[in-house]
Amino acid sequence: MKTKVNEIFSSIQGEGPVVGYKQLFIRFCGCNLKCNYCDTDFSDGTTYSEEELYKKITTEYNLETFHSISLTGGEPLLSAEFLKEFLPMIKGITKIYLETNATLSDKLPLIKNYIDIISADIKLNLNPEIHREFFKQCNGIQTFAKIVFDENISDINIEECINLGKQFNLELILQPKMDGYRMTVTSDFCNEILDKFTAKYHNVRLIPQVHKFLDVR
Ligand code: SF4
């Protein structure tokens, strides 16, 4: 089987609870969503077989020096059939970290045995039932939820996120939407939103995109 990879690079994770760790990023092409804040070009890339991708990353990088390999995109679960063959080749060398928009609940079971950590989005413009179905599949895997928000976040959004957090015992990571290197909301607004969450659920943190401050990818 073959799939398209947009880019492979070593960098520092800038989002969520593993912020600051060195990761090898494998960015897969394509996405099933079109978020208005998407800052990634994942449209085109190089086609690899599982063996070709394994050879590329093991000859060009010392995988043991990374905290984990980040499967990112785009939406990496669009390549789940490929990953089902590829991930057993690298399982055990370092951890496997999946960054996903948490909408393809039928794809995760194909690869969940190989995943160590899931960074799953909660998209405020989507029906939370879509994410609920996804989180049901995350059972047994270290999972946290990332919530990108701006001034349009509503009390209903907050309630829905908290309900998902409570149901699946998720750490919720609030991530202010960025415009380049600047947050699109004020620090006061961030505090206000964090207070609304923590009034009803304690497992919540506010973490901006640190890689933008570090000026790395
Ligand atoms: S899910 Fe992620 S990669 Fe896909 S459009 Fe939204 S922000 Fe971009």
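Whatever order the structure lists ligands and atoms in, that order sets their numbers, starting from 1.
In the vicinity of Phe42, heavy-atom distances shorter than 4.0 Å reach the ligand 1 atoms 3 (S), 8 (Fe). Taking a cut-off of under 4.0 Å to the non-hydrogen atoms of Gly74, the atoms of ligand 1 that pass are 3 (S).
Protein N/O/S atoms closer than 2.8 Å to atom 6 (Fe) of ligand 1, listed by chain and residue number, are Cys35 SG.
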> Yes or no on side chain to side chain donor-acceptor pair (under 3.5 Å) for Thr103 and Asn32, after CA distance, side-chain angles and deciding distance?
Replying inline: CA-CA 9 Å; Thr103 59; Asn32 57 321; 2.9 Å; yes
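Between Asp116 and Lys91, at least one side-chain N (NZ, or NE/NH1/NH2) sits under 4.0 Å from a carboxylate O, which counts as a salt bridge. Note on Arg132 versus Glu129: salt bridge recorded, some NZ/NE/NH1/NH2 to OD/OE distance being below 4.0 Å.
Applying the side-chain hydrogen bond (donor to acceptor under 3.5 Å, both in side chains) rule to pairs touching residues 58-67 yields Lys56-Glu60, sequence neighbours excluded.
Looking only at atom types and distance, the side chain of Ser70 has a donor-acceptor partner in the side chain of Glu99 under 3.5 Å away.
Counting non-hydrogen atoms of other residues, nucleotides and ligands closer than 6.0 Å to NZ of Lys123 gives a total above 12.
Lys177 pairs with exactly one of Ile153, Val148, Asn152, Val185 by the side chain to side chain contact (heavy atoms under 4.5 Å, CB included) rule, that one being Val148.
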